Amino acid sequence: MHAGKTYIIHMKLPLKFYQRPTLTIAQDLLGKILVRNKNGVITAGEIIETEAYGENDPASHAFRGLTSRNQPMFGPPGRAYVYFVYGMYHCFNVVTEKKGRGAAVLVRALRPIRGLAVMGRRVRSKNKSRLALTRTCAGPGKLCLAMAIDKKLNKTSLLGNEIYILKRSSLPKSQIKITPRIGIKEGRSKLWRFVKKEPWTKSVQ
DNA sequence: GGACTGATCATCT
DNA sequence: GATGATCAGTCCC
């Protein structure tokens with residue numbers, strides 16, 4: 001190898017990344033690359049929208065203590081918490097904090113980078129609409145469809161090879177839009193939703 | 001632009 | 001028995 005040549009190495013985020021405060025992680029995840037390997041079929045996208053679900057948070061599944069569904073939130077950090085909602089969609093979360101704390105970050109949207117054709121097919125097979133064609137990974141439910149994320153990935157380590165997140169530098173604060181979370185009844189006063197501002201987009205929702 | 005609704009079922013009370 | 005960290009379609013302004 002020649003000295004001076006730049007090799008781009010794709011490094012997974014280390015366990016340490018996930019052992020930090022949930023709000024920090026929710027913001028730090030923006031701009032990072034979520035990769036899914038389903039039997040060798042790779043899909044990937046840049047994380048552009050997240051929500052934090054933490055302590056003393058009435059919107060969190062963990063608010064009323066441990067149950068069989070939310071148990072992964074109380075488990076070790078750096079794993080997936082995948083749950084089924086509205087009888088038809090899955091939502092993908094990254095478990096944060098230390099074991100026993102009951103916190104996670106919901107990944108709400110990606111900018112598709114790799115495997116666009118596969119993602120399009122997966123979404124369309126469940127959803128005939130034309131809109132879904134162009135906005136494959138906008139929204140937690142569609143993102144899971146596109147990336148083939150379901151309950152089989154619940155509790156899966158993000159340090160393994162089925163699903164993982166690549167290291168990238170953090171976005172500057174000026175590129176992060178902060179808003180209330182979507183689709184919740186309680187806890188709306190908390191500004192725990194984080195969206196990457198896309199300079200070429202006129203309005204970011 | 002926004003408000004509302006049906007689909008559909010695991011989980012919780 | 002009711003609810004929900006959703007989505008797409010419809011209706012109305």
Side-chain angles (χ1 to χ4, degrees), chain A residues 18 21-27 29-30 34 45 47-75 77 79-97 101-112 119-156 158 163 165 176-196 201-205:
Chain A
Y18 301 103
T22 308
L23 283 169
T24 308
I25 296 173
Q27 292 169 81
L29 280 173
L30 295 178
L34 177 65
I47 298 172
I48 55 171
E49 182 182 342
T50 61
E51 282 177 2
Y53 288 87
E55 305 278 309
N56 295 321
D57 174 11
S60 172
H61 287 173
F63 187 57
R64 284 165 219 286
L66 186 71
T67 67
S68 59
R69 176 175 71 163
N70 69 24
Q71 171 243 321
M73 289 183 77
F74 291 88
R79 296 192 187 188
Y81 166 44
V82 182
Y83 66 89
F84 189 59
V85 259
Y86 296 108
M88 79 195 84
Y89 297 104
H90 292 275
C91 288
F92 168 71
N93 295 251
V94 168
V95 176
T96 59
E97 309 274 349
R101 291 293 290 275
V105 173
L106 171 70
V107 178
R108 290 190 55 92
L110 304 175
R111 180 177 61 79
M119 293 195 271
R121 248 178 276 132
R122 284 175 181 158
V123 174
R124 277 197 303 280
S125 68
K126 285 264 184 186
N127 185 330
K128 307 268 188 276
S129 105
R130 192 181 166 73
L131 205 77
L133 233 160
T134 50
R135 309 203 54 208
T136 352
C137 293
K142 283 194 292 182
L143 172 163
C144 285
L145 268 181
M147 301 284 280
I149 296 171
D150 60 25
K151 284 199 81 175
K152 277 175 270 178
L153 287 183
N154 197 21
K155 296 191 256 184
T156 300
L158 301 175
I163 186 160
I165 302 174
I176 302 177
K177 180 181 162 116
I178 303 177
T179 82
R181 292 168 294 177
I182 304 286
I184 52 165
K185 277 210 193 114
E186 293 182 277
R188 291 163 99 150
S189 58
K190 294 185 193 298
L191 300 176
W192 285 5
R193 174 170 173 256
F194 305 98
V195 186
K196 182 185 177 187
T201 306
K202 286 267 159 63
S203 66
V204 185
Q205 295 183 10

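So you know, we letter chains A, B, ... as the sequences are listed, proteins then strands, and number each from 1. These figures come from a predicted structure and were not determined experimentally. What's counted below: heavy atoms across the whole structure, side chains too, no hydrogens, waters or symmetry copies.
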Over how many whole Å does the gap from [X] atom [atom1] to [N] atom [atom2] extend?
X        : N      : atom1 : atom2 : result
A:Gln71  : B:dT11 : CD    : C1'   : 14 Å
A:Leu143 : C:dA8  : CG    : P     : 13 Å
A:Ile182 : B:dG2  : CD1   : C1'   : 14 Å
A:Arg181 : C:dT6  : CZ    : C1'   : 16 Å
A:Leu66  : B:dT13 : CG    : P     : 12 Å
A:Arg64  : C:dA2  : CZ    : P     : 18 Å
A:His61  : B:dC12 : NE2   : P     : 9 Å
A:Met88  : C:dT3  : CE    : P     : 17 Å

- prompt: With a centroid cutoff of 5.5 Å and a plane-angle limit of 30°, would you call A:Tyr89 stacked on C:dT6?
  reply: no
task: Return the stacking result for B:dA7 and A:Tyr86: yes when the ring centres lie under 5.5 Å apart and the planes under 30°, no otherwise.
output: no
Name the closest nucleotide to the [X] side chain, picking from [options].
X        : options               : value
A:Arg108 : C:dT6, B:dT11, B:dC12 : C:dT6
A:Cys91  : C:dT6, B:dC12, B:dT11 : C:dT6
A:Tyr83  : B:dT13, C:dA5, C:dG4  : C:dA5
A:Lys151 : B:dC12, C:dA5, B:dA10 : B:dA10
A:Phe84  : C:dA5, B:dA10, B:dT11 : B:dA10

message: At less than 4.0 Å, is any side-chain N or O atom of A:Ser68 found next to OP1 or OP2 of B:dC12? Yes or no.
response: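 The answer is yes; a side-chain N or O of A:Ser68 sits under 4.0 Å from OP1 or OP2.
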- prompt: Any side-chain N or O of A:Lys142 less than 4.0 Å from the OP1 or OP2 oxygen of C:dT6?
  reply: no
Which part of the nucleic acid does [X] contact within heavy-atom distance under 4.0 Å: base, sugar-phosphate only, or nothing?
X        : value
A:Gly87  : base
A:Leu106 : base
A:Arg69  : sugar-phosphate

field: C1' atoms of B:dA10 and C:dA8, separation to the nearest Å
entry: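 Nearest-Å result for B:dA10 against C:dA8 at atom C1': 22 Å.
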task: Quote, to the nearest angstrom, the P distance that separates B:dT13 from C:dA5.
output: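 After rounding to an integer number of Å, I get 13 Å for this pair.
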statement: Symbol by symbol from the 5' end, with Watson-Crick or G-U pairs under 3.5 Å, [ ] crossing and | another strand, DNA chain B is |||||||.||||.
Would you say [X] and [Y] make side-chain contact, with heavy atoms under 4.5 Å?
X        : Y        : result
A:Val105 : A:Tyr53  : no
A:Phe74  : A:Glu97  : no
A:Leu191 : A:Pro180 : yes
A:Pro140 : A:Glu51  : no
A:Trp192 : A:Ile184 : no
A:Asn70  : A:Tyr83  : no
A:Thr50  : A:Val94  : no

statement: Result for salt bridge (charged side-chain N to carboxylate O under 4.0 Å, His left out) between A:Asp57 and one of A:Arg64, A:Arg181, A:Lys190 points to A:Arg181
